[in-house]
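A quick write-up on the structure given underneath.
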There are 2 protein chains.
Amino acid sequence: MSQTKPRRALSEAVAVHDQVYDALRLALITGKIAPGRGVSLRSLAAELGVSPMPVRDAVRRLSAERALTINPANKRLSVPSLTSERLAQLQKARLWIEPELAALAAVKASPILIQTLERIDEALGIGVQTGDVDQYMAANHAFHFTLYEAAGADVLLSIAGGLWLQIGPFMRVVFGRLGTAGLGADFHVEALAGLRAGNTETVRNAMAADILQGMDGMREAVLSDEAKPPPLAPKRRYKKPTKA
Amino acid sequence: MSQTKPRRALSEAVAVHDQVYDALRLALITGKIAPGRGVSLRSLAAELGVSPMPVRDAVRRLSAERALTINPANKRLSVPSLTSERLAQLQKARLWIEPELAALAAVKASPILIQTLERIDEALGIGVQTGDVDQYMAANHAFHFTLYEAAGADVLLSIAGGLWLQIGPFMRVVFGRLGTAGLGADFHVEALAGLRAGNTETVRNAMAADILQGMDGMREAVLSDEAKPPPLAPKRRYKKPTKA
DNA sequence: TTTATAGCATTGTGATCACAAATTAGAATA
DNA sequence: TATTCTAATTTGTGATCACAATGCTATAAA
């Protein structure tokens with residue numbers, strides 16, 4: 001299992017627990033790890049081909065960011081379930097902080113930033129047309145966060161990052177049932193127009209509309225999921241005894 | 001150092017890394033660990049009388065919550081410095097999310113909740129009069145978060161908790177130079193009146209005013225600190241060589 | 001067929017060790 | 001006195017083991 005790799009220098013090499021973090025983060029966002037599923041340190045470690053130690057570090061970080069849930073009784077890990085309650089709270093938070101970040105970024109937007117965002121939005125459009133969900137999601141993330149990073153507000157930025165991490169699993173549910181079809185209006189072009197014109201409020205409103213539209217799609221998907229029976233029936237042979 | 005304690009059951013006993021987390025969190029909020037100071041896993045472990053392992057877990061969690069900073073080059077830990085930039089961002093975030101939580105709580109506020117808050121505010125008043133900073137800070141935290149918890153919005157609540165954790169060190173700076181004197185108007189009574197009357201907007205505005213007042217005091221303290229030379233001059237014997 | 005029980009595998013937690021990088025302290029030199 | 005080089009200490013990271021608790025599976029009993 002544990003092939004002896006040559007140890008890399010600490011200063012330049014990315015730490016293994018950071019790689020594991022990125023891998024798990026990606027797996028959560030893209031829905032490779034289904035919501036509600038239980039995970040364990042050793043199973044993740046075996047799956048990723050690393051020792052449990054860096055997984056432990058990455059998982060602690062993710063659970064602090066609420067991307068993973070720890071059962072307080074079990075101390076067992078699981079991916080948070082997708083409830084409309086959670087989604088509503090995440091929407092509320094996103095609807096405030098992300099337009100705020102966009103407005104801050106609009107004030108100090110450079111031509112280079114606008115050009116970068118234009119290129120990203122082109123890639124996003126291609127992803128929509130070709131139905132490439134992965135490309136769409138990556139480009140969408142890139143569009144939002146290269147804009148937000150320009151705000152130069154790292155405290156707020158990290159909050160927004162945490163929200164996206166929690167929303168990731170919801171996104172996959174939407175695309176799992178719709179694909180990239182029916183995405184509605186592209187508010188990114190509106191935001192870009194606002195950036196070029198230097199109109200802060202236009203940017204703010206465009207991003208708010210973009211978020212609102214996306215979250216609406218997720219809500220529909222979640223609501224129709226909640227109506228259905230539990231996603232996977234764990235074939236129980238006997239009921240849990242009433243043992244206290 | 002490490003006396004052999006009898007191992008406790010996992011299910012009921014609080015895990016050591018959680019105890020360490022609470023201890024460090026408290027130390028950060030009360031300013032026992034000065035902002036800007038560097039810490040290390042082993043030194044913290046020795047100080048707390050535990051092995052480095054649970055400290056490692058707790059520190060990962062705290063750094064994910066931005067209560068500790070990791071130097072990306074060194075991978076070395078330090079307490080974030082208090083800059084007016086950071087404070088401004090934290091104020092912006094608090095001014096949105098906390099009134100929001102308060103308003104949500106106001107809708108479903110029970111008489112028991114109001115009574116509990118009244119008792120907490122009494123304890124807060126006593127702390128102010130006797131000049132007991134610790135009691136004041138504990139009561140103040142309790143007032144805000146028993147109210148916020150009543151909102152039943154755990155996603156938003158955890159964001160607010162993260163903000164308080166980052167603000168903690170700033171608070172101590174304020175009280176270190178002023179004590180509990182000059183705290184200004186008590187907006188808690190206004191919030192309580194709004195809760196009794198069932199007036200959501202009164203509660204929202206009262207909490208916003210409360211936050212604004214507190215953050216103003218912190219800003220003044222930080223600004224006068226930034227004018228001064230660096231808090232502790234690290235007596236360097238030689239300059240860092242220009243080695244790339 | 002259904003329920004209870006015993007045995008086994010898996011889990012999180014904590015401790016300890018090894019390693020390499022970085023920092024610090026001390027000695028030697030100008 | 002000030003600077004440079006070297007040795008020792010401290011640091012984060014990763015690996016591995018032990019332990020107790022929990023969960024699952026197969027066997028026995030109704």
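In what follows, every chain begins at residue 1, and chains take the letters A, B, ... in the order their sequences are listed. Note that the coordinates shown come from a computational prediction; the quantities given were computed from them, not determined experimentally. Only heavy atoms go into these numbers, but all of them, side chains included; no hydrogens, no water, no symmetry mates.
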B:His17 has a side chain; which of C:dA15, D:dG14, C:dT13 sits nearest to it?
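Output: C:dT13.
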Side-chain donor/acceptor of B:Arg56 to base of C:dG14, under 3.5 Å:
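It does not, because no donor-acceptor pair links the side chain of B:Arg56 to the base of C:dG14 below 3.5 Å.
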Is it the case that the base of D:dG12 and the side chain of B:Arg60 share a donor-acceptor contact (distance under 3.5 Å, atom types as modelled)?
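No, no donor-acceptor pair under 3.5 Å.
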Would you say the side chain of [Y] lies within less than 4.5 Å of the side chain of [X], judging by non-hydrogen atoms?
X        : Y       : answer
B:Leu41  : B:Leu77 : yes
A:Val133 : A:Thr30 : no
A:Thr69  : A:Ser81 : no

Rounding to a whole Å, what distance do you find between [X]:[atom1] and [N]:[atom2]?
X       : N      : atom1 : atom2 : result
B:Leu48 : C:dA15 : CG    : P     : 12 Å
A:Arg61 : D:dG12 : CZ    : C1'   : 15 Å
B:Leu44 : D:dG12 : CG    : C1'   : 13 Å
B:Asp18 : C:dT13 : CG    : P     : 8 Å
B:Met53 : D:dC19 : CE    : P     : 18 Å

Phosphate oxygens OP1/OP2 of D:dG23: is one of them under 4.0 Å from a side-chain N or O of A:Asn74?
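Yes, because at least one side-chain N or O of A:Asn74 sits under 4.0 Å from OP1 or OP2 of D:dG23.
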Residues forming a salt bridge (charged side-chain N to carboxylate O under 4.0 Å, His left out) with A:Arg172, sequence neighbours excluded:
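Salt bridge (charged side-chain N to carboxylate O under 4.0 Å, His left out) check on A:Arg172 returns A:Asp134.
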Below 30° counts as parallel, above 60° as perpendicular, anything between as tilted: where do the rings of B:Phe145 and B:Tyr148 land?
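Perpendicular: the ring planes of B:Phe145 and B:Tyr148 meet at over 60°.
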Out of curiosity, A:Ile70 CD1 to B:Asp18 CG, how far, rounded to the nearest 0.5 Å?
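With rounding to 0.5 Å, CD1 (A:Ile70) is 8.0 Å from CG (B:Asp18).
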Are there any protein N/O atoms within less than 3.5 Å of an N/O atom in nucleotides 8-11 of chain C, and if so, which ones and at what distance?
from	atom 1	to	atom 2	distance (Å)
C:dT11	OP1	A:Ser40	OG	2.6
C:dT11	O4'	A:Arg76	NH2	2.9

